[in-house]
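Quick note on labels: first sequence line is chain A, next is B, and so on, each numbered from 1.
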Protein chains: 4
Amino acid sequence: MTDHRAARTDNRTHTIMQATLDLAREAGYAKLSIEAVASRAGVGKHTVYRRWPSRGLLFLDAVLSLNTAGLDHPDTGDIVADLREVMTRAAALLGQPPWGPLYQDLIGEAQHDPEVAAALNRRFIEPQTANTLARLEAAKDQGQLAPDFDLDLAFEILSGPLYYRLLITQQPLTHAYIDRVLQAVFAGMSPRPQTR
Amino acid sequence: MTDHRAARTDNRTHTIMQATLDLAREAGYAKLSIEAVASRAGVGKHTVYRRWPSRGLLFLDAVLSLNTAGLDHPDTGDIVADLREVMTRAAALLGQPPWGPLYQDLIGEAQHDPEVAAALNRRFIEPQTANTLARLEAAKDQGQLAPDFDLDLAFEILSGPLYYRLLITQQPLTHAYIDRVLQAVFAGMSPRPQTR
Amino acid sequence: MTDHRAARTDNRTHTIMQATLDLAREAGYAKLSIEAVASRAGVGKHTVYRRWPSRGLLFLDAVLSLNTAGLDHPDTGDIVADLREVMTRAAALLGQPPWGPLYQDLIGEAQHDPEVAAALNRRFIEPQTANTLARLEAAKDQGQLAPDFDLDLAFEILSGPLYYRLLITQQPLTHAYIDRVLQAVFAGMSPRPQTR
Amino acid sequence: MTDHRAARTDNRTHTIMQATLDLAREAGYAKLSIEAVASRAGVGKHTVYRRWPSRGLLFLDAVLSLNTAGLDHPDTGDIVADLREVMTRAAALLGQPPWGPLYQDLIGEAQHDPEVAAALNRRFIEPQTANTLARLEAAKDQGQLAPDFDLDLAFEILSGPLYYRLLITQQPLTHAYIDRVLQAVFAGMSPRPQTR
DNA sequence: CTCTAACCGAGACGGTACGTCAAGTCTTCTA
DNA sequence: TAGAAGACTTGACGTACCGTCTCGGTTAGAG
C-alpha cells in the first residue's frame, strides 16, 4: 500500500533530518557534510541527494522541523504585552543554544544560496510576518497604535534590532533588551510636545 | 632597507586582496578558494596563508578595504536629514552590487566564524555605531530628539530594519524604504495625544 | 497457457539481448551496465538478473546469438582451400566491426570471469575445434597432410596467429595474412631436402 | 637537490606499484580500485592519478615492472633448443601464478583500452618480437631454417598457440606442449616427399 | 661584495568531501 | 504471480581544496 511505502520513506526522511541536527549541534554547520549525515543516519548518500538537492536545503528542513511549538500571537488585549510575549518566545527559541547557532548558520547559508533564502522566507518569515501584522491591525482598530503608523514596517522595525543583535553584534537577546526595544519603538525618537 | 621589503610585502598583500575581490565578484564567495586566489594573484598558497589564517579573514580584509569612502556622519543641524544621508550612503554602498552580495557573504561567514564576527564588529560596526551615537547625542542636546530616548539602542533600531531587508527578505534598500523607516522610528507606534 | 508465458519470456529474453548488443555497439562493452540494458530494454533490473547472473554471461549470450551463420567447414576436397575459406569467414565475422570489438571484449571478460571463459569454450570454441579436426582427419586420410602431423594441435596452430593479431597486436586480419599463415604452417620452418 | 626529490617521487611510485601488485594478487584485477591502491599504499588518490591516467595503465606499469629477468634469446647455435628455452622461460613467467593471471588480466584490459594495448605492444611485445626475429635470422643464415620461410610470421606462429592456450582454452603451458608446438611448426602440415 | 637568512612560486602530499554512477538486493504496485 | 518501477546500501569514480610540507631560486641587508 501507499501507506507502507510512505511510512518507510518518511522514516528515512526523519532519520536523515535527525542526523543532520545531531551533527550540526555537535560540530556546527560548517563541518556538516552530506557524507557525514548519510553515514550517521546509516543511509546511502544517494538517499540524501534523492530528497534534498543541497546541504543548505537539507539543513533548512532540519532546522525548521524544530519549530513545532509555533510562534502564534496571543491576544490578551494588550498589544505591548502580546508583542513582548511573542518576541520573548522567539528569542528563547532562536536566540540561544541549541537552536540559536543553528538559526544563525541557516541565515548565513541563505546569504549565498538563493534557494535557501527563498525557502526560509516562504516557510518561516512570511507566515510569522502575516501573523504579527494581523495582531497589529486588531490593535490599531482598538486604538492601541497610532492610526497613521506604517504597519507594514512594524514587523521589520521590531524584528530588525533582534536580528541585528543575533547576526551582527551577536549579543544575547535578553528580556531586558526586548523591553528596551519595545519601549523605544513605541515611544519614537521625536521630542514629544508637552503633554501638560 | 626595511622600506623596500615592506613595500614588496604590501604589494603582495594588495595583489592578493585584489584577486580575492575579483574572484568574489566573478563567482561569489561560495566559490572562492584560497587555491584560486593564490593562482589568480600569481602567488604561492603559502604567501596567502602567511598573511591570513582563514578564508574568512582574508575576505573580511578584502571587503573592508573597499570602505575607503567612509560613512562619517555629516552635521547639517537637521538630524533626520543627516541620518537619511548616511543611511542612504550605507545602502548605496552595502546594499547593492557589486558590494552588496559581498557584504552579505561576509556577514554570512561571520555566522560560523567567531573571528570574522569579532573583527567585523571591531573594525566596521563599532566605529560606525560610535559615529552615529555622537551625532545623536548632539541632536539630543539640541532638542531634536526625545530627551528620554534610549540612544544606545538608536543605531540598532535604525540599522536593524535595513539589515533585516538585506539579510532576511533580501529586498532592495531604496530611498523610499529609508524614508519610511525614519518616519516610523521617529514617530513611534504609540497613539499620540491630540496635538490640537 | 504455458506456451503464452514461454513466448512472453522468450520475448523479454530476446529484447534484453538485443538491447545489450545495441548498447555494446554504441558505447562499447566497458560502458555496458545492467542498469542501462534494463532501461533500454524497457525492463526492470530484476528481469535481467533473473535470467543472467552477471554482465559477462549476458554479454556472452548476446554475442553468441549472432553466430547464426555458423562456421561449418566446407569439404571441396582441397584442404588448404577449405581452411582458407573457413578462416576467412571467421576473420570476416570476428575480426572486424561491428562484431570484432565485441568478440575482443568477450575474450577480455573471460580473462577475469571463469564462468565466461568456460561457457565461451563450451559453446563456441570446442564445437569449432571439433569441426576443424574432423575436416583435417578426412584430409589426412586423403594424404593431403603429413601422416605424422600432430592434428590435435592443428587448430591451435592455425587459430593462434589469428587470435594473436586480434588480441595482442590488434592488426587487421586480411586475406593476405591468412594466406601467409596457411603457407607458413603447411610448409613448416625446417629446411627441406632438395626436392630436385 | 634534484636527487632527493626524484628519490622521494620514485619511492611513492614504487610504493604504489607494489600496492597494486599486492592487491591484484590478493583479489584479482577486477576488484582492483584506485581507491584501494591509494589506501593500501598510504597515499592520497591524487598521488596515484598524478602518475597514471587510468587503472589500466597503472596495472600495466606494475605488471611490466616484474619482467626484470628479461626474455633475451640465448644463442647456443641450435635454434630449436634456443626457441624452446625462451618459450619455456616465457611460459614459466607469464603462464603460471602469480604472474599468469595478472598477465591475462592485462591483456583482457587491453581489449577495451587502446592505450593499454598500445603500451603493451610498444613496451613488451615489440621488443620481444624483434629479439626473436634477430635470432631467427641468424639461424636462417646458418641454414637451420627453410630459406624461404616467412620469418616475419615466425614469432606469431610460435607465440600464437601459447597465447591461445593462455587466453582462450586457459590450459596450462607445459614443457610438453611447447615441444609439440615446436615440432609441429618446424615440420609443417604438408606431406613430405619421400626423403629416400 | 660576498654571505645568509627570509621570502617566494610552485606544487607534491595525505586528507576529506564532493556529486555521480552502477552494483545487486529488496519492496511495492500493476496487469 | 511475474514484471516494471525504482528505492535502498554500498563502494568506487575522478575532481576540488584543504592546510602542510619541501624544493630551488631570488633578494636585500649585514658583515
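In this structure, A:Asn11 atom CG and F:dC8 atom P are separated by 10 Å, rounded to whole Å. As rounded to whole Å, 14 Å separates atom P of F:dA7 from atom CH2 of A:Trp52.
OP1 or OP2 of E:dG14 sits under 4.0 Å from a side-chain N or O of D:Thr47. OP1 or OP2 of E:dC13 lies within a sub-4.0 Å distance of a side-chain N or O belonging to D:Arg51. Taking 4.0 angstrom as the limit, C:Arg12 places none of its side-chain polar atoms (N or O) nearer than this to OP1 or OP2 of F:dA2. Look at C:Arg50 and you won't find any side-chain N or O under 4.0 angstrom from OP1 or OP2 of F:dA2.
Counting heavy atoms from C-beta on, the side chains of B:Met17 and B:Leu21 never come closer than 4.5 Å. A heavy-atom distance below 4.5 Å is found between the side chains of D:Arg25 and D:Trp99. Counting heavy atoms from C-beta outward, D:Lys31 and D:Glu26 have side chains that stay 4.5 Å or more apart.
Among residue pairs with one or both ends in residues 112-122 of chain D, none qualify as salt bridge (charged side-chain N to carboxylate O under 4.0 Å, His left out); sequence neighbours excluded.
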Pairs under 3.5 Å (N/O, protein and nucleotides 12-15 of chain F):
residue	atom	partner	partner atom	Å
F:dC13	OP1	D:Ile34	N	2.9
F:dC13	OP2	D:Ile34	N	3.3
F:dC13	OP2	D:Glu35	N	2.8
F:dG14	OP2	D:Tyr49	OH	2.5
F:dG14	O5'	D:Tyr49	OH	3.4
F:dG14	N7	D:Lys45	NZ	2.9
F:dG14	O6	D:Lys45	NZ	2.7

Under 3.5 Å, sequence neighbours excluded: what are the donor-acceptor pairs made by side chains of residues 56-63 of chain D?
residue	atom	partner	partner atom	Å
D:Asp61	OD1	D:Arg123	NH1	2.6
D:Asp61	OD1	D:Arg123	NH2	3.2
D:Asp61	OD2	D:Trp52	NE1	2.9

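When atom types are taken as modelled, the side chain of D:Ser39 and the backbone of D:Glu35 share no donor-acceptor pair closer than 3.5 angstrom.
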